Number of protein chains: 2
Amino acid sequence: MEKLSRNNRVVAITKILMENPNKIVGLNKFSELLNAAKSTLSEDIVIVREVLEKLNMGKIETISGVAGGIKYIPKIGEDKAREFALELCNLLKDDGRVIPGNIIYMTDLMYNPEIISTAGVMLSSCFQEANVDYVITVETKGIPLAYEVARNLGVQLVIARRDSQVTEGTTVSINYVSGSSGRLQQMSLSKKSMKAKSRCIFIDDFMKAGGTALGIKELLREFESELVGIGVLVDNTEFNKKLVDEYVSIVELKVVDKGSIMEVCPSKTFA
Amino acid sequence: MEKLSRNNRVVAITKILMENPNKIVGLNKFSELLNAAKSTLSEDIVIVREVLEKLNMGKIETISGVAGGIKYIPKIGEDKAREFALELCNLLKDDGRVIPGNIIYMTDLMYNPEIISTAGVMLSSCFQEANVDYVITVETKGIPLAYEVARNLGVQLVIARRDSQVTEGTTVSINYVSGSSGRLQQMSLSKKSMKAKSRCIFIDDFMKAGGTALGIKELLREFESELVGIGVLVDNTEFNKKLVDEYVSIVELKVVDKGSIMEVCPSKTFA
């Protein structure tokens with residue numbers, strides 16, 4: 001292939017890194033694709049790194065050694081994160097979201113790629129240092145968000161099912177008590193879905209009392225694995241006695257009146 | 001903000017475009033963020049466009065007019081697509097994938113962001129010209145793939161549930177017959193989930209006889225909407241009388257022996 005100019009190479013490098021968040025990309029890959037010497041590419045990478053950092057668009061880490069290369073870590077600036085959290089608050093305040101059962105209709109937000117991709121970057125950056133092996137969620141509404149977090153962290157997604165499915169092979173099922181309704185619920189996970197001794201984070205759409213998170217913790221114990229973090233889009237702070245200690249949310253919400261008036265604000269993490 | 005050099009600006013432009021696939025980004029946005037004149041930015045964009053096209057990494061379209069700007073269209077080259085399809089075949093040939101019930105265990109692939117993000121680009125590029133309003137799937141295994149296709153096409157994801165949920169508000173439920181097992185099944189969708197007169201594509205993990213796709217078609221009719229395309233990761237060609245005419249798959253599969261030997265190859269679209 002013909003030689004590319006620096007302007008051209010930095011575009012390609014940016015694109016490849018963005019497609020492989022938290023994965024080590026060896027200089028060889030760039031070298032083959034862009035027909036450039038490693039020393040030249042190293043200079044290109046410095047440019048990409050500097051501009052991403054300057055514009056709060058993520059980090060590039062260098063990993064040395066035989067299996068070395070560079071790694072793109074998705075991140076958004078504090079200002080942009082706050083702005084997004086406020087925007088989410090406005091969307092949630094919208095009349096007509098409270099549906100029978102005093103439930104907040106959020107499906108449209110959870111399935112909106114524009115919202116979920118930004119929320120995914122915000123939550124994944126909270127767990128960047130947690131050495132995560134898997135992102136786990138329970139079907140269904142949290143799946144796109146959990147998927148984005150898994151993609152950003154460069155790890156596999158795991159989805160616990162409400163009932164065991166023939167397509168999952170041998171499964172482990174547990175019963176747990178919903179912290180808000182007190183009802184007994186079930187979730188199950190394929191034996192094939194994770195290696196023992198794994199570190200997992202649980203991602204979901206909504207946190208009430210935290211019963212589901214506690215259930216996940218117990219389910220992971222059956223896989224000799226550990227829950228090392230919890231992240232949700234919305235935290236319902238009316239349930240102020242949570243069953244889990246530490247978790248991250250993007251916004252906090254309170255249904256003030258059993259109808260439509262709601263108090264909603266960015267969480268402490270993103271305020 | 002200080003002025004950035006051209007090689008800095010092209011990095012930022014690439015990043016912003018990639019984060020907003022199939023969304024029109026106005027030049028104003030770049031102009032504010034990068035503190036550069038529109039004429040300068042236009043030259044930058046030419047560079048980004050040319051290198052992406054040269055490396056088969058996607059297209060940039062210019063939309064003129066008041067609401068104009070540029071739009072990034074994800075795409076991968078034919079060679080890379082074929083290579084990916086072949087790799088997927090190898091993964092599927094792996095012994096131990098056939099589990100009781102003559103079912104292919106594919107959960108690990110469907111929840112692997114590296115695989116799903118590439119498959120998402122391949123399928124979305126098949127529907128780029130279809131004027132899609134929504135991507136629809138049925139829970140659960142196809143959700144990450146459907147989400148990727150929706151994100152790439154810049155549209156909302158819609159997920160039909162197996163049973164109606166209180167969190168979904170008023171729902172419409174239909175019964176349909178599974179084309180492979182002949183059993184009656186149900187799916188339901190929130191009334192709030194889509195506007196009437198919409199054009200939808202259905203994305204799923206696996207196609208057997210196409211009963212689910214037919215069910216989706218009927219469900220969409222209840223929403224006065226239309227199914228304009230179908231895309232799946234794996235097509236089981238043992239079921240050679242499909243209930244739907246047109247669909248796209250990435251690989252084709254045949255369980256030759258009721259055990260482990262499988263015939264699997266890239267689909268015609270990606271061979």
Side-chain angles (χ1 to χ4, degrees), chain A residues 4-16 18-20 23 33-34 44 47-48 50-52 54-55 57-58 99-101 103-108 111-114 116-118 139-141 143-144 147-148 150-151 154-159 161 165-170 190 192-193, chain B residues 4-16 18-20 23 33-34 44 47-48 50-52 54-55 57-58 99-101 103-108 111-114 116-118 139-141 143-144 147-148 150-151 154-159 161 165-170 190 192-193:
Chain A
L4 295 172
S5 67
R6 169 145 290 158
N7 285 333
N8 283 210
R9 291 193 308 267
V10 293
V11 167
I13 291 169
T14 305
K15 173 114 197 318
I16 292 166
M18 285 197 61
E19 284 174 345
N20 296 283
K23 297 276 183 190
L33 182 73
L34 304 173
D44 296 340
I47 293 172
V48 178
E50 283 179 357
V51 61
L52 292 185
K54 202 183 287 174
L55 299 172
M57 287 181 161
I99 58 176
I103 285 162
I104 320 295
Y105 181 81
M106 300 202 325
T107 310
D108 57 331
Y111 299 168
N112 180 327
E114 244 178 314
I116 292 308
S117 57
T118 306
E139 58 185 346
T140 296
K141 285 214 301 297
I143 296 174
Y147 170 80
E148 278 286 1
R151 194 170 67 94
V155 301
Q156 176 84 10
L157 171 66
V158 169
I159 302 175
R161 307 290 294 250
Q165 300 284 333
V166 287
T167 53
E168 300 286 311
T170 307
S190 169
K192 289 173 185 276
S193 60
Chain B
L4 294 171
S5 65
R6 169 144 288 158
N7 53 36
N8 282 207
R9 291 192 308 265
V10 293
V11 167
I13 291 170
T14 306
K15 174 112 199 314
I16 291 166
M18 284 198 61
E19 284 173 345
N20 297 285
K23 297 277 182 189
L33 181 73
L34 304 174
D44 296 340
I47 294 172
V48 178
E50 285 179 357
V51 60
L52 293 185
K54 200 181 292 174
L55 299 172
M57 285 180 162
I99 57 175
I103 286 160
I104 319 294
Y105 181 81
M106 299 202 327
T107 310
D108 56 331
Y111 299 169
N112 180 330
E114 243 177 312
I116 292 308
S117 57
T118 305
E139 57 184 351
T140 298
K141 287 215 300 298
I143 297 175
Y147 170 79
E148 278 286 1
R151 194 170 67 93
V155 302
Q156 178 83 9
L157 171 67
V158 169
I159 303 174
R161 308 288 294 249
Q165 298 285 334
V166 289
T167 53
E168 301 285 313
T170 307
S190 171
K192 289 173 185 275
S193 61

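Naming: A, B, ... by sequence-line order, numbering from 1 per chain. On a predicted model such as this, the values are computed, not experimentally measured, just so you know.
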Task: A:Leu157 versus B:Pro113, closest heavy-atom pair with distance - done: N-CD, 4.4 Å
Task: Segment of B:Ile116 engaging chain A (4.5 angstrom heavy-atom cut-off) - done: both
Task: Heavy-atom contact with chain A under 4.5 Å, split by part of B:Leu55 - done: side chain
Task: chain A contact via B:Ile103 - side chain, backbone, both or neither, heavy atoms under 4.5 Å - done: side chain
Open item on the list: Walk me through whether A:Asp108 and B:Lys192 qualify under side-chain contact (heavy atoms from CB on, under 4.5 Å).
Closed with: CA-CA 8 Å; A:Asp108 57 331; B:Lys192 289 173 185 275; over 6 Å; no
Open item on the list: At a heavy-atom distance under 4.5 Å, which candidate from B:Gly169, B:Gly58, B:Ser5, B:Pro144 has the highest pair count against chain A?
Closed with: B:Pro144
Task: Stepwise side-chain contact (heavy atoms from CB on, under 4.5 Å) test for A:Thr14 and B:Met18 - done: CA-CA 10 Å; A:Thr14 305; B:Met18 284 198 61; 5.9 Å; no
Task: Side chain, backbone, both or neither of B:Gln156 within contact of chain A (heavy atoms, under 4.5 Å) - done: both
TODO: Please look at B:Glu50 and chain A and tell me whether the side chain, the backbone, both or neither of the residue comes under 4.5 angstrom of a heavy atom of that chain.
DONE: neither
Task: Residue, of B:Glu114, B:Glu168, B:Glu139, B:Arg6, that accumulates the most heavy atom pairs under 4.5 Å with chain A - done: B:Glu168
Open item on the list: Counting C-beta onward and ignoring hydrogens, is there a side-chain heavy-atom pair between A:Lys54 and B:Leu4 closer than 4.5 Å?
Closed with: yes
Task: Side-chain touch A:Ile159/B:Tyr111, heavy atoms, less than 4.5 angstrom - done: yes
TODO: Find out whether A:Thr107 and B:Ser193 are in side-chain contact, i.e. whether some heavy atom of one side chain is under 4.5 Å from a heavy atom of the other.
DONE: no
TODO: Run the salt-bridge test on B:Glu148 and A:Arg151 with the 4.0 Å N-O cut-off and return the result as yes or no.
DONE: yes
Task: Region of B:Ser190 that comes under 4.5 Å of a non-hydrogen atom in chain A - done: side chain
Task: Option that, when pairs with chain A are counted at under 4.5 Å, heavy atom only, ranks first among B:Thr140, B:Val166, B:Ile16, B:Ile104 - done: B:Thr140
Task: Qualifying residue for side-chain contact (heavy atoms from CB on, under 4.5 Å) with A:Val10, from B:Val51, B:Val10, B:Val48, B:Asn8 - done: B:Val10
Task: Distance, nearest 0.5 Å, that separates CD1 of A:Ile47 from CG of B:Asn7 - done: 4.0 Å
Open item on the list: Is it true that A:Ser117 and B:Glu19 share a donor-acceptor pair across their side chains at a distance under 3.5 Å?
Closed with: no
Open item on the list: If only side-chain N and O atoms count, and only distance matters, is there a donor-acceptor pair under 3.5 Å linking A:Lys141 with B:Thr167?
Closed with: yes
TODO: Give a yes or no on whether the backbone of B:Met57 and the side-chain of A:Lys15 come within a donor-acceptor separation of less than 3.5 Å.
DONE: yes
- [ ] For the residue pair B:Val11 and A:Val11, establish whether any side-chain heavy-atom pair is separated by less than 4.5 Å.
- [x] no
TODO: Give, as side chain, backbone, both or neither, the part of B:Arg9 having an atom under 4.5 angstrom from any heavy atom of chain A.
DONE: neither
